[in-house]
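Here's the structure we're looking at; comments come further down.
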Amino acid sequence: MAAMSYLSVIERYHEYETTVHELLESILTGMADADLFHQPKIDIKAMKGIASSYPFVELMYLLDTQGQQISQNIAVVNHQIKLIPLGLNRDRSQRPYFINRDQSDGVNITRPYLSNASGHLCLSASLAIYQQEKKLGYLVVDVDLTCLIEFMMGDSARRRVTPAFKAIYGVIVAGLFVLVAVLLWTALRDIYGLFTVEHIGQDPLQPFGIIIFITLALAIFDLGKTILEEEILMHKDIFRHSSTRRTITRFVSTILIAISIEALLTMFKASLGEKQYIEPAIWMMLAVVGLLVGLGAYVYLGAKAEWLLIKTQAYKNGKNKAGGTTN
């Protein structure tokens with residue numbers, strides 16, 4: 001449950017692009033006021049109101065009609081409003097949120113880019129401010145795109161308890177790895193026992209017991225590795241079906257490997273004269289086949305369902321964009 005990668009954030013942005021733009025337009029429209037250019041303290045008050053309702057907003061400043069910054073950067077740092085004078089009087093006429101402003105005095109929203117201020121993937125939205133048909137300048141707001149996506153998906157609360165989840169998963173993985181070490185130690189001890197004088201030739205089935213210990217160690221290690229990768233090291237998008245499908249596929253594959261090896265060993269025992277193992281070996285082989293068929297059907301149907309969902313979402317986004325263009 002690591003932080004979302006930039007690739008995941010951009011993918012989600014394209015899925016919700018229309019909604020993101022509508023949200024940012026509503027925020028800037030609500031903040032737009034000519035007093036921002038006349039009363040020095042009102043911009044701080046406006047930023048406090050916006051930051052309390054929209055935690056993804058991280059920076060606000062004002063530009064004149066030539067793209068020159070005429071206010072300090074008003075930033076949100078650890079939920080506190082701070083004034084950063086570094087941006088004052090800086091020429092921002094070549095920034096993407098200012099270029100071609102003359103063609104559109106409505107809300108202009110950039111494509112995702114890496115912010116110079118925070119180093120995070122962000123969007124900048126700008127809006128021309130007028131007073132009696134005279135353009136005073138532009139209001140610019142920067143938002144953290146990752147926080148914005150999490151906010152829109154209702155994922156903020158889960159992210160706050162993520163460290164606790166990671167800690168619990170870490171304890172579970174540590175316990176599994178300790179069990180793997182115990183099983184391997186037992187197998188190595190039995191292997192050593194095979195070569196001692198008093199045990200040579202006593203039990204022809206003893207090597208099979210060693211293989212069982214090693215197989216169990218392999219299966220448990222693979223399970224612990226899957227949990228470590230899926231739940232601790234990697235970002236897991238619980239809203240995307242492919243993420244859950246990948247976890248289930250890896251888990252069932254681990255079980256399949258363990259049962260297949262156990263069925264093979266049981267069949268070998270039966271071939272050595274232990275006839276009572278024939279029926280259990282057959283049933284285990286049938287179980288492996290059933291699991292393989294079920295897993296294949298699950299993966300196919302899950303991928304098909306997700307493909308249909310993506311197509312439906314893309315169709316809805318296309319209709320929304322067409323409707324916006326028409327309007």
Side-chain angles (χ1 to χ4, degrees), residues 1-3 5 158 161-196 199 202-238 240-272 274 276-300 302-303:
M1 292 182 293
S5 67
R158 185 182 70 89
V161 296
T162 291
F165 291 161
K166 286 186 177 183
I168 295 172
Y169 277 119
V171 172
I172 293 173
V173 171
L176 290 174
F177 286 164
V178 169
L179 185 57
V180 169
V182 171
L183 289 170
L184 289 177
W185 169 254
T186 303
L188 291 174
R189 186 185 60 190
D190 289 348
I191 290 173
Y192 174 77
L194 287 176
F195 294 95
T196 58
H199 287 90
Q202 280 193 359
D203 185 6
L205 296 179
Q206 187 174 358
F208 292 100
I210 296 173
I211 295 175
I212 291 173
F213 281 125
I214 295 176
T215 302
L216 287 174
L218 172 64
I220 295 173
F221 177 81
D222 199 29
L223 176 61
K225 175 173 167 288
T226 299
I227 296 175
L228 181 64
E229 292 175 345
E230 297 282 342
E231 306 295 347
I232 299 177
L233 300 180
M234 297 171 56
H235 168 72
K236 184 176 181 179
D237 189 348
I238 63 172
R240 198 177 293 279
H241 294 277
S242 58
S243 179
T244 303
R245 190 169 63 250
R246 182 183 66 228
T247 302
I248 294 177
T249 301
R250 295 184 64 178
F251 180 73
V252 175
S253 298
T254 301
I255 297 175
L256 273 171
I257 293 172
I259 296 178
S260 298
I261 295 176
E262 183 66 24
L264 189 61
L265 293 176
T266 305
M267 191 67 73
F268 285 156
K269 289 181 181 179
S271 65
L272 291 175
E274 302 288 337
Q276 68 272 22
Y277 289 113
I278 293 178
E279 186 175 347
I282 294 173
W283 282 111
M284 279 191 284
M285 287 293 185
L286 292 175
V288 170
V289 173
L291 280 173
L292 279 173
V293 172
L295 180 61
Y298 170 76
V299 171
Y300 173 77

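In this text, all values refer to a predicted model and were calculated from it rather than measured experimentally.
Note that CG of L228 is 4.0 Å distant from CG of L233, once rounded to the nearest 0.5 Å. Here the CD1-CG distance, from I220 to L179, works out to 4.0 Å after rounding to the nearest 0.5 Å. If you take CG on L176 and OH on Y169, they are separated by 12.0 Å, rounding to the nearest 0.5 Å. For the atom pair I191 CD1 and I214 CD1, the distance stands at 4.5 Å (nearest 0.5 Å). Note that CD1 of I210 and OH of Y192 are 13.5 Å apart. Values are rounded to the nearest 0.5 Å. The CE atom of M284 sits 10.5 Å away from atom CD1 of I282, with the distance rounded to the nearest 0.5 Å.
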- Task: Kindly indicate, with the supporting measurements, whether the criterion side chain to side chain contact (heavy atoms under 4.5 Å, CB included) is fulfilled by Y298 and I248.
- Result: CA-CA 10 Å; Y298 170 76; I248 294 177; 3.2 Å; yes
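In this structure, L295 and T249 approach most closely via the heavy-atom pair CD1-CA, 4.0 Å. Smallest separation of non-hydrogen atoms from A187 and F213: CB-CB, 4.0 Å. The two atoms that bring A281 and A263 nearest to each other are CB-O, 4.1 Å, heavy atoms only. Here the closest heavy-atom approach between residue A217 and residue V180 is recorded as O-CG2, 3.6 Å. When all heavy atoms of V288 and S260 are compared, the pair lying nearest together is CG1-OG, 3.4 Å.
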